[in-house]
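Worksheet: the structure to be examined is printed underneath.
Residue numbering restarts at 1 for every chain, and letters A, B, ... go by the order of the sequence lines.
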2 protein chains.
Amino acid sequence: MAARDYGQYCGVTQALELVGERWALLIVRDLLVGPRRYGELAAGLPRIPSNILAARLKDLQAAGILRRVPRSRVIIYELTPYGRELEPVVLALGAWGFKAMGDPREGQVVTPDSMTMALRTAFRPEVAATLPATAYAARVGPAELLVRVDGTSLDVLRGDGPVDLAFAAGPDIRRVISGELAPDEAITTGVVEVLRGAPALLGRFASTFHLAA
Amino acid sequence: MAARDYGQYCGVTQALELVGERWALLIVRDLLVGPRRYGELAAGLPRIPSNILAARLKDLQAAGILRRVPRSRVIIYELTPYGRELEPVVLALGAWGFKAMGDPREGQVVTPDSMTMALRTAFRPEVAATLPATAYAARVGPAELLVRVDGTSLDVLRGDGPVDLAFAAGPDIRRVISGELAPDEAITTGVVEVLRGAPALLGRFASTFHLAA
DNA sequence: CCGGATCCTATTGGATACTG
DNA sequence: CAGTATCCAATAGGATCCGG
C-alpha cells in the first residue's frame with residue numbers, strides 16, 4: 001500500500017500509507033511488547049512469508065517506525081519513539097476486533113505477544129488500583145506469561161516468578177474477559193484450570209482485565 | 001485481506017481481517033461523518049476504482065459494519081452501531097498520521113469528509129469549554145465547512161449559516177493546527193485569508209483545534 | 001542456524017469500458 | 001446514478017536457496 005497513493009492530504013491516509021499494508025501493524029503489535037529479532041518476529045507471525053517480513057521491516061524502517069540495532073552479532077528490531085506512538089492505534093483496533101471474535105477457528109493460534117497486547121488492551125487501571133497487588137502466571141495455549149499488577153501499573157513478562165495464582169486456559173479465556181463466563185463457572189466447566197493459588201483470585205483477574213463484548 | 005487469514009486468535013488480527021483492506025477504513029472515515037450515497041463516497045475518494053468501492057461496500061456490509069438503506073429511490077450507506085465504534089480507531093490513526101504529514105504532495109486533495117474528521121481529531125473539548133461558543137466557516141481548498149463549537153460539543157456541517165469568523169486556507173492550515181505557525185503569522189503570510197469577522201478569532205480556532213506535531 | 005534474497009504462482013487491486 | 005465486466009499490473013504466498 002505504501003507506494004500507491006490515496007491522493008489525499010489527510011492524517012488517516014498518511015497513516016495508512018505507512019502502516020496500512022498487510023502484516024505491518026502486526027509487526028508493530030509484537031514490537032510494542034519489546035525489541036525482537038527477525039526469527040522471533042517470524043515465530044510470532046507463523047503465517048508471514050519471509051520475503052514479506054523482510055520487505056515490511058525495510059518499509060517500516062524507512063518510515064522511521066522501527067530501527068535495526070546490531071547487538072552482539074545479532075540484529076534486533078525495535079520501535080522508534082514515533083513507532084511506539086502507534087500503541088493507541090493497536091489498542092483501539094484490538095478492543096474493537098475483540099468484540100467480533102467468535103470462537104477460535106481451525107488453525108488459529110494465540111502467540112505470547114498477541115496475548116500480552118490483549119491483556120494491555122483489557123487492563124483497567126482504575127479497577128486495579130482498588131485491589132491488592134497481584135501476580136498471575138497465565139498459560140494460554142503455548143503462551144506462558146507472568147502478569148504483575150500493582151496499583152495502576154501492569155507488567156506482562158515471559159518467564160517465571162512467584163505468583164499468587166497460576167492457571168492454564170484455552171482461547172476461551174476470552175469469554176471470561178468479556179464477562180460472558182463467570183470466573184467460578186469457568187473453573188467448574190474446565191475452561192480455566194487453576195494450577196496453584198486460591199481459585200477465588202480468578203475473580204480478581206476478571207475484574208482487572210475486562211473488555212465489553 | 002479479508003479472506004486471507006492471519007491465523008491468529010487475536011483482536012488485532014480480527015480487526016484487520018474486517019477493515020484492513022485497502023480503502024476500507026477510508027470508507028468508514030467518510031461514513032463516520034454521515035450516511036452517504038454511492039456517488040458521494042466515490043466523490044470523496046476520487047482515486048478509488050468503482051469496482052473496489054463496490055467490493056468494499058459488500059465486504060463491510062457482510063461484516064456488519066455498514067448497512068444499505070433504500071431511501072426514496074436511492075440507496076444510502078450508513079454505519080451500524082458496531083461500525084460507528086471504529087471512530088476511536090480512525091481518530092487514533094488520524095492523530096498519528098497527522099505528525100507524519102509533510103507538505104502536500106502533487107495531486108493531493110482535501111475532501112470535506114476528511115477535513116471534518118481531522119477537525120474532530122484535533123478538537124480539544126477541555127479547551128473549548130473555557131471559551132465562548134463560536135461558529136466558524138472554514139474553506140480549505142474546495143471543502144467548505146461550518147464549524148460550531150459550543151462548550152465541549154463540536155458540530156461540523158456542510159452548508160452555510162451565521163458565523164463569527166469566516167476564513168479560507170490551503171492545506172497549510174495544518175501548520176496552524178500543529179502550532180508550527182502562529183495564527184497572526186498565518187494571516188500576514190497569506191496562509192489563511194480572513195473573509196469575515198475579527199482576525200483575532202483565528203487564535204481561538206487554533207486553541208480549540210490542536211494536534212502536536 | 002540466522003537473516004534474509006530469489007523465483008514462481010496465485011490473488012488482489014487498478015483503469016477503463018459498459019449496462020440496467 | 002449505481003454499480004458490473006474485463007483485462008492488466010502489482011502484491012502476497014510459498015518454496016527454495018544463499019552467505020556469514
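Note on B:Arg68: only backbone sugar-phosphate atoms sit closer than 4.0 angstrom, heavy atoms only; bases stay farther off.
Regarding contacts with the backbone of D:dT11, every side-chain N or O of A:Arg22 stays at 4.0 angstrom or more from both OP1 and OP2. Within the structure, a side-chain polar atom (N or O) of B:Lys58 is placed less than 4.0 Å from OP1 or OP2 of D:dT4. At least one side-chain nitrogen or oxygen of B:Arg56 sits closer than 4.0 Å to the OP1 or OP2 atom of C:dG13. Checking the phosphate oxygens (OP1, OP2) of C:dT11, no side-chain nitrogen or oxygen of B:Arg4 falls inside 4.0 Å. Checking the phosphate oxygens (OP1, OP2) of C:dG14, a side-chain nitrogen or oxygen of B:Trp23 falls inside 4.0 Å. At least one side-chain nitrogen or oxygen of B:Tyr77 sits closer than 4.0 Å to the OP1 or OP2 atom of D:dG3.
At whole-Å resolution of the value, CD1 in A:Ile48 and P in D:dG13 are 8 Å apart. Atoms CG (B:Asp59) and C1' (C:dT11) sit 14 Å apart, rounded to a whole Å. Summarising the geometry, the separation between CD on A:Glu40 and C1' on C:dG3 is reported as 13 Å, rounded to the nearest angstrom. To the nearest angstrom, P of D:dC1 lies 14 Å from CD1 of B:Ile76. The interatomic distance linking B:Asp5 (CG) with D:dA12 (P) rounds to 17 Å, in whole Å. Protein atom CG of A:Leu53 is 13 Å distant from nucleotide atom P of D:dA12, rounded to whole Å. The CD-C1' distance, from A:Glu21 to D:dG13, rounds to 15 Å in whole Å. Summarising the geometry, the separation between CD1 on A:Ile27 and C1' on D:dA12 is reported as 13 Å, rounded to the nearest angstrom.
Between A:Ala212 and A:Phe98, the shortest heavy-atom contact is O-CD2, 4.0 Å.
Counted by atom type alone, A:Arg174 and B:Tyr9 present one or more donor-acceptor pairs between their side chains at under 3.5 Å. A:Arg29 and B:Gln8 share a donor-acceptor pair across their side chains, judged by distance under 3.5 Å alone. Side-chain contact of A:Thr134 with A:Arg204: a donor-acceptor pair under 3.5 Å is present, judged by distance alone.
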Donor-acceptor list for residues 35-47 of chain A side chains, cut-off 3.5 Å, not counting sequence neighbours:
from    : atom 1 : to       : atom 2 : distance (Å)
A:Arg36 : NE     : A:Asp113 : OD2    : 3.0
A:Arg36 : NH2    : A:Asp113 : OD1    : 2.9
A:Tyr38 : OH     : A:Ser50  : O      : 3.0
A:Glu40 : OE1    : A:Arg37  : N      : 2.7

DNA chain C in dot-bracket, Watson-Crick or G-U pairs under 3.5 Å, [ ] crossing, | other strand? |||||||||||||||||||.

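Of the two residues near DNA chain D, A:Pro49 and B:Ala54, the one whose nearest nucleotide lies more 5' is B:Ala54.
Using a cutoff of 4.0 Å between basic side-chain nitrogens and carboxylate oxygens, B:Arg68 and B:Glu78 are not scored as salt-bridged.
Contact of B:Asn51 with C:dG13 (side chain to base): no donor-acceptor pair of N or O atoms is detected under 3.5 Å. Judged by distance alone, with hydrogens and angles left aside, A:Ser50 brings a side-chain donor or acceptor within reach of the base of C:dA5, the pair sitting under 3.5 Å.
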Show your reasoning for whether side-chain contact (heavy atoms from CB on, under 4.5 Å) applies to B:Phe167 and B:Glu193. CA-CA 5 Å; B:Phe167 63 87; B:Glu193 183 192 356; over 6 Å; no

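Residue B:Arg148 places its CZ atom among 12 or fewer non-hydrogen atoms of other residues, nucleotides or ligands, all under 6.0 Å distant.
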